[in-house]
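Read the structure below first, then the notes.
Chain A is the first sequence line, chain B the second, and so forth, proteins listed ahead of strands; every chain is numbered from 1.
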Number of protein chains: 2
Amino acid sequence: MSTTAPQAPTKLQLLELLAAIGTAQWRDFAAAAAHHGLTSTQAKVLAQLDRPLPMRGLAALLVCDASNVTGIVDRLEARELVRREADPADRRVKNVVATDAGREIIRRVREEMQETHGALDALGEAESATLYALLERLRPTMEKDA
Amino acid sequence: MSTTAPQAPTKLQLLELLAAIGTAQWRDFAAAAAHHGLTSTQAKVLAQLDRPLPMRGLAALLVCDASNVTGIVDRLEARELVRREADPADRRVKNVVATDAGREIIRRVREEMQETHGALDALGEAESATLYALLERLRPTMEKDA
DNA sequence: CGCCAATACTTAAGACCGTCAAGTAAACAA
DNA sequence: TTGTTTACTTGACGGTCTTAAGTATTGGCG
């Protein structure tokens with residue numbers, strides 16, 4: 001009953017494995033960020049800023065209170081990694097934009113991550129594709145809130 | 001060129017997907033913990049206490065400084081979810097033990113997690129097995145530190 | 001044995017993250 | 001205009017985490 005197919009794991013085992021992978025990934029991210037003097041939260045914010053985003057939008061992406069974002073952006077702005085720009089259409093809104101320095105630093109963090117996670121290189125192309133497809137199926141359900 | 005096999009994802013795509021899944025999982029865990037008045041850190045500690053562990057051991061598992069553990073255990077102990085017991089063999093050591101209440105509360109958190117992540121139920125048995133095997137292969141490399 | 005280094009834990013100070021409650025300013029609608 | 005909603009900030013408070021210093025115990029070594 002188990003020639004080619006691996007043993008079927010219990011749901012709990014799978015859950016725990018997923019958690020282990022998740023925390024390992026998070027630790028690597030935090031380490032890479034720290035290496036550049038950023039907290040993981042700061043790096044996470046910077047990672048969203050491919051395009052300008054209002055404070056409110058950032059809060060939504062981070063799933064946290066808007067007042068929290070104020071402080072994080074304050075600290076990033078103090079280091080010139082980010083800029084607040086007035087929105088011409090609505091003067092209540094402040095759009096957060098990554099500076100060149102900001103883009104550069106997050107690029108490096110990602111690079112370092114990618115380097116570290118060369119772990120993925122251990123997978124062949126077919127395996128990568130399979131993993132990707134499976135995770136892609138999990139995603140929508142997991143990102144719905146409880 | 002894509003009859004049965006899915007498209008091969010770039011390493012970056014896979015990395016981002018893995019991150020997305022990781023943070024979704026973490027959010028669910030935090031939410032379940034909060035539902036029982038625990039921070040995610042506290043829940044994480046409680047989750048380790050299947051068996052008694054010295055403070056030092058906890059710090060190692062959490063990959064953080066020992067002084068940090070003192071505070072976390074203080075708060076858990078104040079709520080009677082955990083107890084410090086003197087180690088008979090080495091009087092410097094304090095073993096942390098989950099109380100019945102502690103075991104019960106973490107059981108419920110897990111249950112709620114498992115409930116939420118009924119997302120995994122969407123996978124068939126064979127798919128679960130494949131996913132498990134793939135993640136299991138990633139694990140050792142990812143858990144090595146940078 | 002007596003001394004000294006290593007180990008386990010705690011304490012205190014300081015930074016950051018996160019929440020809630022309250023406040024300001026602008027937009028918008030009746 | 002008046003009142004409501006929306007975007008953001010501020011302040012207070014608790015939790016997490018680090019670093020540096022301090023206490024107690026262990027264990028090695030002359």
* To do: Taking only heavy atoms on the protein side, list every residue of residues 73-84 of chain B lying under 4.0 Å from any atom of DNA chain D, sorted numerically.
  => B:R75
* Does B:R108 come within less than 4.0 Å of B:E104, counting only side-chain N to carboxylate O? -> yes
* Interface residues of residues 39-69 of chain B with DNA chain D (non-hydrogen, below 4.0 angstrom) -> B:T39, B:T41, B:Q42, B:C64, B:D65, B:S67, B:N68
* Structure fact -> Result for salt bridge (charged side-chain N to carboxylate O under 4.0 Å, His left out) between B:E77 and one of B:R84, B:R83, B:K94 points to B:R84
* Structure fact -> Hits for salt bridge (Lys or Arg N to Asp or Glu O under 4.0 Å) against B:R79, two or more places apart or cross-chain, chain-then-number order -> none
* Structure fact -> By salt bridge (Lys or Arg N to Asp or Glu O under 4.0 Å), B:R56 pairs with (sequence neighbours left out) none
* Run through the side-chain heavy atoms of Ile, Leu, Val, Met, Phe, Trp and Tyr, join any pair under 4.5 Å, and report what else lands in A:L76's cluster. => A:W26, A:F29, A:L38, A:V45, A:L46, A:L49, A:L53, A:M55, A:L58, A:L61, A:L62, A:V69, A:I72, A:V73, A:L81, A:V82, A:V96, A:I105, A:I106, A:V109, A:M113
* To do: State, with a plain yes or no, whether a side-chain heavy atom of B:Q42 is found less than 4.5 Å away from one of B:H36.
  => no
Strictly under 3.5 Å: I want the nitrogen or oxygen pairs between protein and nucleotides 25-30 of chain C, one per line.
{"unit_1": "C:dA27", "atom_1": "OP1", "unit_2": "A:R91", "atom_2": "N", "d": "3.2"}

* To do: Give me the first and last nucleotide of DNA chain D, going 5' to 3', that has any atom under 4.0 Å from a heavy atom of chain A.
  => D:dT6 to D:dT10
* Around B:E80, counting heavy atoms of other residues, nucleotides and ligands shown, do more than 12 lie under 6.0 Å from its CD? -> no
* To do: State which residues pass side-chain contact (heavy atoms from CB on, under 4.5 Å) with A:P140; sequence neighbours excluded, sorted by chain then number.
  => none
* For A:R103, check salt bridge (Lys or Arg N to Asp or Glu O under 4.0 Å) against everything at least two apart and list the hits. => A:D100
* Name all residues meeting the side-chain contact (heavy atoms from CB on, under 4.5 Å) criterion together with B:D121; count only those two or more places apart in sequence or in a different chain, and write none if there are none. => A:K11
* For A:E111, what residues pass the salt bridge (Lys or Arg N to Asp or Glu O under 4.0 Å) criterion, not counting sequence neighbours? -> A:R107
* Please name all residues satisfying side-chain contact (heavy atoms from CB on, under 4.5 Å) with B:L134, sequence neighbours left out, ordered by chain then number. => A:L123, A:E127, A:T130, A:L131, B:T130
